[in-house]
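A quick write-up on the structure given underneath.
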There are 2 protein chains.
Amino acid sequence: MNLNEALNLLKNEGYKFTDKRKDILEFFAEEDGYRTASDLWEILNKKYPGISYDTIYRNLHLFHDLHILESTELAGEKHFRFSCGHDHHHHHFICNNCGKTKSIETCPMDFIQPKFQGYMIESHKFEVYGLCPVCQ
Amino acid sequence: MNLNEALNLLKNEGYKFTDKRKDILEFFAEEDGYRTASDLWEILNKKYPGISYDTIYRNLHLFHDLHILESTELAGEKHFRFSCGHDHHHHHFICNNCGKTKSIETCPMDFIQPKFQGYMIESHKFEVYGLCPVCQ
DNA sequence: TTGTAAATAGGAATGCTTACGATTTACGAA
DNA sequence: TTCGTAAATCGTAAGCATTCCTATTTACAA
């Protein structure tokens, strides 16, 4: 997923193209890490003073539903990042300081699946937290 | 960790012994899964009508700090369970319906640690979600 | 039995998120 | 290009989990 793919997906699904949606997608396309709704609001409010939180959250959910963004919960707050898992399943290391991520290609489910006979597995979460080389 | 160990730990650390603390610990000792603050409030309010949420949260945090309870975040809400990780590190399968858990002894960090040269790993989260045999 | 710090009650405040009526806007059709 | 309409946004209120605060009560040691 990149910026153009996301813009095309929006158009193909029949959603309207607005400056704010473009700027939201550009924001996430430029970031390589998890960001919160208020991170996004801080940036957009410079260009669109008084932008509604409704607009922020509505579009975050829309983009998430369209799989343009993926999300995770960190410290009780939802965080979003540009989706990078369209072509292959993987997990993330997430820097506790800057929010930037590093892909982890190994999926622990490959090792433990056999141990869950009788259980219906619906999803899983594997994330590693710490400090990236830059933030140490 | 069991109920008596928890009660002794409380006493040894100099905390006062109250009926509410006893009942909170008994609640978690009887449950074998993750429960929320309001789950707990629902139960305690029967015996102590009007019990303050302050009491609930203050004690949940106390017990968590004392490692009597462990916690995780599910669907935007903090969940707590009696700690079972004192003697050995492990992860959990968590039933999406009843909250009950099953231990996972395999830790994915054993496989991926070498791939993080230059990164300072501080913590990790691995949880599997689905339906337990009873809830299917 | 009493003194005191700890614990609790009751309720207000906070922070993130969602909801909603009124207004504006994107965009296809005329 | 203009117009009509559904979609998008605004401004603000409400919801929910959680935290905070002060007055009151309680556990427990002296």
Side-chain angles (χ1 to χ4, degrees), chain A residues 6-27 34-66 68-81 99, chain B residues 6-27 34-66 68-81 99:
Chain A
L7 291 172
N8 286 334
L9 181 57
L10 252 197
K11 171 183 272 186
N12 294 339
E13 296 286 324
Y15 292 97
K16 290 185 176 172
F17 179 80
T18 68
D19 286 348
K20 294 181 178 88
R21 282 184 171 159
K22 180 170 72 70
D23 286 348
I24 291 172
L25 290 174
E26 282 177 354
F27 169 77
Y34 279 102
R35 300 288 173 247
T36 66
S38 54
D39 289 341
L40 177 58
W41 187 88
E42 294 284 345
I43 298 298
L44 288 200
N45 194 55
K46 291 176 187 166
K47 186 168 176 183
Y48 308 100
I51 184 173
S52 173
Y53 262 97
D54 191 44
T55 302
I56 301 288
Y57 281 106
R58 189 169 15 75
N59 283 310
L60 285 176
H61 289 150
L62 171 64
F63 296 153
H64 187 257
D65 289 347
L66 293 175
I68 294 172
L69 298 180
E70 50 189 284
S71 76
T72 191
E73 190 128 6
L74 302 170
E77 203 171 352
K78 275 180 195 135
H79 287 60
F80 297 85
R81 60 156 293 142
Chain B
L7 292 172
N8 286 333
L9 181 58
L10 252 197
K11 172 183 271 185
N12 294 339
E13 295 287 324
Y15 292 97
K16 291 185 177 173
F17 179 78
T18 68
D19 286 348
K20 294 182 179 90
R21 282 183 172 160
K22 180 170 72 70
D23 286 349
I24 292 173
L25 290 174
E26 282 176 354
F27 170 78
Y34 279 101
R35 299 291 173 247
T36 65
S38 53
D39 290 340
L40 178 57
W41 186 89
E42 294 284 346
I43 298 298
L44 288 201
N45 194 55
K46 291 177 187 166
K47 187 168 175 184
Y48 308 100
I51 183 173
S52 173
Y53 261 98
D54 191 45
T55 302
I56 301 288
Y57 281 107
R58 190 170 13 76
N59 283 310
L60 285 175
H61 290 150
L62 171 63
F63 296 153
H64 187 257
D65 290 346
L66 293 175
I68 293 172
L69 298 179
E70 50 189 283
S71 77
T72 191
E73 190 127 5
L74 301 171
E77 202 171 352
K78 276 180 194 136
H79 287 60
F80 297 85
R81 60 157 292 142

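Model, not experiment: these values are computed from the prediction. Chain naming here is simple, since letters A, B, ... match the order of the sequence lines and numbering starts at 1 in each.
Going from atom NZ of A:K22 over to atom P of C:dC27 covers 13 Å, rounded to whole Å. Computed from coordinates, the B:K11 NZ to D:dC28 C1' distance equals 11 Å when rounded to whole Å. Between the NE2 atom of B:H79 and the C1' atom of D:dT18 there is a distance of 15 Å, rounded to whole Å. We find that CG of B:D54 is positioned 10 Å from P of D:dT19, with the value rounded to whole Å. Note: CG (A:D19) to P (C:dA26) measures 7 Å, nearest angstrom.
Regarding contacts with the backbone of D:dA17, every side-chain N or O of B:S38 stays at 4.0 angstrom or more from both OP1 and OP2. Listed pair B:H61 / D:dT18 fails the phosphate criterion, with no side-chain N or O lying under 4.0 Å from OP1 or OP2. Using a 4.0 Å cut-off, some side-chain N or O of A:K20 falls inside it from OP1 or OP2 of D:dC10. Contact between the side-chain N/O atoms of B:T18 and the OP1/OP2 oxygens of C:dA7 is not found at any separation under 4.0 Å. In terms of phosphate contacts, A:K78 brings a side-chain nitrogen or oxygen within less than 4.0 Å of OP1 or OP2 of C:dT18. For A:Y57 and C:dT18, the shortest distance from a side-chain N or O to OP1 or OP2 is not below 4.0 Å.
Relative orientation of the B:Y34 and B:H79 rings is perpendicular, given thresholds of 30° and 60° on the angle between their planes. The aromatic rings of B:F80 and B:H64 stand perpendicular to each other, their planes meeting at an angle above 60°, with 30° marking the opposite boundary.
Heavy-atom minimum distance, B:G76 versus A:E73: CA-OE2, 3.2 Å.
Nucleic acid contact class of A:R58 (heavy atoms, under 4.0 Å, all strands): base. At the heavy-atom level, A:G50 lies under 4.0 Å from the strands shown only through sugar-phosphate atoms.
Where A:Y53 and A:G14 meet DNA chain D, the nucleotide closest to each residue was compared, and A:G14 sits on the side nearer the 5' end.
Among A:I43, A:I51, A:L44, the one residue that satisfies the side chain to side chain contact (heavy atoms under 4.5 Å, CB included) test with A:D23 is A:L44.
Judged by the 6.0 Å distance and 45° axis criteria, B:K22 is not positioned over the aromatic ring of B:F17.
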